Every structure is written in structure tokens, then in C-alpha cells.
Amino acid sequence: MWRVSKLGRLQLNGPRARYQLQHPSSSQDKPNFQIFDRYLKGKQRDRAAWLMSPTDNFLDTVAERLLDRLEDCKKDFSTALCLGGSIEPIRRLLRGRGGIERLIMMDMSPDMIKKCRIEEKISDPKIETLYVVGDEEFLPIKQSSLDLIISCLGLHWVNDLPGAMIQCKSALKPDGMFLVAILGGETLRELRIACTVAQMEREGGISPRISPLAQVRDAGNLLTRAGFALPTVDVDEFTIRYASALELIEHLRSIGETNALLQRNHPDIKKGYCFSNCCYLSVHVWS
């Protein structure tokens with residue numbers, strides 16, 4: 001049923017369906033506009049797989065609110081793809097919502113996929129679970145083969161976000177649903193200001209530390225450009241308090257959200273006290 005375009009190929013390994021995605025090294029297959037170091041982001045995801053808490057309050061809250069959208073739909077989604085980001089909270093909190101019969105778990109990190117297989121806790125034995133190691137920038141899914149695509153806090157690290165959305169649109173069946181949460185533009189505002197002021201005082205200039213994040217209008221425009229119908233975008237904002245900036249950095253590291261910009265510089269953050277606003281955009285659209 002599943003096929004891959006010229007961008008990659010699939011290898012079947014193991015007794016259960018686990019797919020390994022491989023991409024050619026040719027630069028012609030890479031997005032023209034490079035912002036993020038995807039190789040580094042994969043390594044950060046590998047590290048996060050073993051540092052991440054079994055129940056992270058922030059990730060669980062975002063995943064739960066995203067999955068709540070499925071309860072507003074009367075339609076069942078028999079085949080669903082969980083795409084990158086917080087795939088384990090999505091799988092753990094699904095609880096039979098959406099009428100899903102086949103769930104494909106995909107992440108660019110082999111260690112994250114391995115952890116999901118070890119900690120598999122789907123209570124409904126009727127759900128067939130497949131595991132794919134793949135990149136959101138090169139979606140290895142046949143056209144018009146999915147009823148639902150869910151991405152929880154993953155797509156904001158994609159170099160070509162419009163291209164990734166177009167690939168998701170192509171993979172969905174007519175009347176399929178695209179359900180995604182990404183970090184919004186005001187996320188980590190306090191940390192960003194603190195790093196900027198400290199670096200200006202010490203070095204007389206600043207280097208990029210926070211990835212470019214979409215605003216509500218940006219998300220709506222991108223969805224329209226990708227060809228989705230009936231887009232709905234909303235914003236939730238959480239204030240999360242940390243005892244120190246180092247504790248905040250450790251949390252970001254444990255969930256794979258540390259700096260992966262190509263023009264990054266090494267951080268130099270002294271111990272202090274801060275709190276951070278985490279703002280994310282929740283998007284659900286129909287193909």
C-alpha cells in the first residue's frame with residue numbers, strides 16, 4: 001500500500017511493520033532555503049528520547065488539547081499518521097478518539113521511534129501500529145492514502161514549511177483532516193530578551209538563538225497556499241515558571257527544543273530566575 005517518491009526508499013525490518021527511510025545525499029533534494037540544521041535536530045531528538053519524562057505536563061497539555069478537536073468531528077479516520085514532534089504523548093492520550101484503526105508513528109529520530117516501540121501502551125488492540133523513521137521534509141507516504149495527519153510540536157523545525165504542508169495535503173484523501181500544533185511567535189519571549197541583552201553587553205552584538213516562529217496570520221496564509229480548505233487557527237498561551245534559567249534550558253533539552261539554527265552560536269547563560277510564555281498555534285483543516 002505504501003510507496004515512496006524518488007526522494008527516498010523504504011526498508012522493511014523486524015517482525016512487525018517498521019519502516020526505515022533513507023534519503024540520497026544529493027544536494028538537489030534539499031530545500032533551497034536552509035534555516036535549520038536537520039542533522040543536528042535529529043541528534044537532539046535522539047537525546048530527547050532518553051531524557052524526556054514519561055509524562056511531561058506541557059507536552060501532555062498540548063497533545064490533549066489538540067486531540068480534543070477529534071471529538072468535535074463526527075467522521076471516523078481509519079488511517080492516521082502521527083508526524084514528528086511529541087508522538088509519544090499523542091499515542092498515549094489518543095484513547096480511541098477519531099475511530100483510528102491504523103496508526104503510523106513517524107519521527108526523524110531512530111531512538112525516538114525505538115522508545116515508542118518499547119513503551120507502547122495503546123489500550124485498544126484493534127489499532128494497528130506502524131513505525132516509520134522519516135523526515136517531515138520528504139514525506140514517504142503514497143498520495144491520497146491517509147484520513148488524518150497529526151503533528152504535535154514538530155513542524156516549526158522544518159526548513160520548507162509550505163512544501164511540507166503541500167506534501168501532507170497530497171497524502172490526505174479527499175475530505176481528510178490535517179491537525180497540527182506548532183510553537184507560536186511569542187514563545188520564550190523572556191528568554192529571548194535576556195539572551196539578547198546579555199550578549200549585547202558582553203559581545204556588542206547578537207546571534208540567532210530562537211527559531212523563526214509563525215504568527216496566526218502566517219499560519220493561515222501557509223495553509224491557504226498549500227491548498228487546504230476550511231482552515232481554523234487558534235492560539236493558547238501557557239505561563240510556565242522555572243526556578244532558574246538553567247532549569248528552563250534543561251527542560252528544552254529534554255523535549256528536543258534546543259537551538260538548531262545553521263547560524264547558531266554557543267549559549268552563554270548565567271544562573272538566574274525567569275519564567276517563560278509558551279504559545280502554540282493549533283491548526284485543523286480539511287483537504
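Both backbone and side-chain heavy atoms feed into the values below; hydrogens, waters and symmetry mates do not. Bear in mind that the values here come from a model prediction, so they are computed numbers and not experimental data.
Ile166 shares a hydrophobic cluster with no other residue; no ILVMFWY side chain has heavy atoms under 4.5 Å from its own. Taking Ile, Leu, Val, Met, Phe, Trp and Tyr as members and joining any whose side-chain heavy atoms lie under 4.5 Å apart, directly or through other members, Tyr39 forms no hydrophobic cluster with any other residue. The hydrophobic cluster containing Trp50, built from Ile/Leu/Val/Met/Phe/Trp/Tyr side-chain heavy atoms closer than 4.5 Å, also comprises Ile118. Other cluster members for Leu40: none, since no ILVMFWY side-chain heavy atom sits under 4.5 Å from it.
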- Task: For the pair Asp135 and Arg38, evaluate side-chain contact (heavy atoms from CB on, under 4.5 Å) and give the outcome as yes or no after the intermediate values.
- Result: CA-CA 9 Å; Asp135 194 328; Arg38 295 290 291 173; 2.6 Å; yes
Review point. After noting the C-alpha distance and the side-chain angles of Leu148 and Phe178, does the key distance pass the side-chain contact (heavy atoms from CB on, under 4.5 Å) rule?
Key: CA-CA 6 Å; Leu148 171 67; Phe178 182 50; over 6 Å; no
- Dump the intermediate steps for salt bridge (charged side-chain N to carboxylate O under 4.0 Å, His left out) on Arg95 and Glu64, then the final yes or no. CA-CA 10 Å; Arg95 301 194 190 100; Glu64 183 67 38; 3.2 Å; yes
>> One pair to check against side-chain contact (heavy atoms from CB on, under 4.5 Å): Ser145 and Lys173. What are the steps and the verdict?
In response: CA-CA 6 Å; Ser145 59; Lys173 297 177 182 178; 5.6 Å; no
| Do Thr187 and Phe238 pass the side-chain contact (heavy atoms from CB on, under 4.5 Å) test, and can you show the C-alpha distance, the side-chain angles, and the key distance before you say yes or no? | CA-CA 9 Å; Thr187 297; Phe238 301 98; over 6 Å; no
Walk me through it: do Lys115 and Glu88 pass the test salt bridge (charged side-chain N to carboxylate O under 4.0 Å, His left out)? CA-CA 9 Å; Lys115 180 181 180 181; Glu88 174 58 27; over 6 Å; no
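Under a 4.0 Å N-O distance rule, the pair Glu136/Lys41 does not qualify as a salt bridge. A salt bridge is defined here as a Lys NZ or Arg NE, NH1 or NH2 lying under 4.0 Å from an Asp or Glu carboxylate O, and Asp111 with Lys43 fails to meet this definition.
Panel note: side chain Arg102, backbone Ile127; no donor-acceptor pair is recorded below 3.5 Å. Side-chain atoms of Arg117 never come within 3.5 Å of backbone atoms of Lys114 as a donor-acceptor pair (strictly under, hydrogens ignored). For the pair Arg92 (side chain) and Pro54 (backbone), a donor-acceptor distance under 3.5 Å is present. In terms of modelled atom types and a separation under 3.5 Å, the side chain of Glu137 and the main chain of Asn159 share a donor-acceptor contact. Formation of a donor-acceptor pair under 3.5 Å by the Ser151 side chain with backbone atoms of Val180 is not found in this model. Side chain of Ser244 to backbone of Glu247: a donor-acceptor contact under 3.5 angstrom is found. Side-chain N or O atoms of Thr61 include one that pairs as donor or acceptor with a backbone N or O of Asn57 at under 3.5 Å. In this structure, Ser170 contributes its side chain and Gln167 its backbone to no donor-acceptor pair below 3.5 Å.
The hydrophobic clustering, which links ILVMFWY residues whose side-chain heavy atoms are closer than 4.5 Å, places Ile193 and Leu246 apart. At a threshold of 4.5 Å between side-chain heavy atoms, the hydrophobic network of Ile, Leu, Val, Met, Phe, Trp and Tyr places Ile240 and Leu188 in one connected group. Residues Leu51 and Tyr242 fall into different hydrophobic clusters, defined by Ile, Leu, Val, Met, Phe, Trp and Tyr side chains chained together at heavy-atom separations under 4.5 Å. Transitive grouping of hydrophobic side chains (ILVMFWY, heavy atoms separated by less than 4.5 Å) keeps Leu83 and Met108 in distinct clusters.
Within the 4.5 Å cutoff, side-chain heavy atoms of Leu222 are placed close to those of Met165. The side-chain heavy atoms of Thr79 and Phe77, taken from C-beta on, include no pair separated by under 4.5 Å. With a 4.5 Å cut-off on side-chain heavy atoms, Asp236 and Arg65 count as touching. Leu130 is not listed as a side-chain neighbour of Leu103, based on a closest heavy-atom distance of 4.5 Å or more. The shortest side-chain heavy-atom distance between Ile149 and Leu179 does not fall under the 4.5 Å cut-off. Between Arg91 and Met105, some side-chain heavy-atom pair lies under the 4.5 Å cut-off. Met112 is not listed as a side-chain neighbour of Val133, based on a closest heavy-atom distance of 4.5 Å or more. Proximity of Leu252 to Ser254: side-chain heavy atoms (C-beta onward) are nowhere separated by under 4.5 Å.
The structure places CD1 of Ile182 at 9.0 Å from CG of Leu153, a figure rounded to the nearest 0.5 Å. In this structure, the separation between CG on Leu146 and SG on Cys168 is 9.0 Å, given to the nearest 0.5 Å. With rounding to the nearest 0.5 angstrom, the CD1 atom of Ile87 is 12.0 Å from the CG atom of Leu59. One finds the CE atom of Met52 at 7.0 Å from the CD1 atom of Ile255 (value rounded to the nearest 0.5 Å). Atom CZ of Arg69 and atom OG1 of Thr232 lie 9.5 Å apart (nearest 0.5 Å).
When all heavy atoms of Ala63 and Pro89 are compared, the closest pair comes out as CB-CB, 3.9 Å. Ile90 and Cys82 make their closest contact through CG2-SG, 3.6 Å (heavy atoms, listed as atom of the first residue, atom of the second, distance). For the pair Ala181 and Val62, the tightest heavy-atom approach, listed with the atom from each and the gap, is CB-CG1, 3.9 Å. In plain terms, the two heavy atoms of Asp76 and Gly99 that are nearest each other are OD1-CA, 4.0 Å. Between Ile150 and Leu70 the shortest heavy-atom distance is CD1-CD1, 4.5 Å. Across every non-hydrogen atom of Gly256 and Ala48, the tightest pair is N-CB, 3.5 Å.
In terms of the side chain to side chain donor-acceptor pair (under 3.5 Å) criterion, Asp37 has no residue partners (sequence neighbours excluded). Remark: Ser144 engages no residue in a side chain to side chain contact (heavy atoms under 4.5 Å, CB included) (not counting sequence neighbours). The side chain to side chain contact (heavy atoms under 4.5 Å, CB included) search around Glu250 returns Arg253, not counting sequence neighbours. The side chain to side chain donor-acceptor pair (under 3.5 Å) test applied to Asn221 returns no partner, not counting sequence neighbours. Scored by the salt bridge (Lys or Arg N to Asp or Glu O under 4.0 Å) test, Glu257 finds no partners at all (sequence neighbours excluded).
Within a 6.0 Å sphere centred on CG of Asp72, heavy atoms belonging to other residues, nucleotides or ligands number more than 12.
For residues 45-55, the pairs satisfying salt bridge (charged side-chain N to carboxylate O under 4.0 Å, His left out) are Arg45-Asp107, with sequence neighbours left out. Among residues at least two apart or in separate chains, ring pair (Phe, Tyr, Trp, His ring centres under 6.0 Å) pairs with a member in residues 142-177 are Phe36-Trp157. Counting only residues at least two apart or on different chains, no salt bridge (charged side-chain N to carboxylate O under 4.0 Å, His left out) pair has a member in residues 214-233.
Using modelled atom types and a 3.5 Å distance limit, the side chains of Asp147 and Ser78 yield a donor-acceptor pair.
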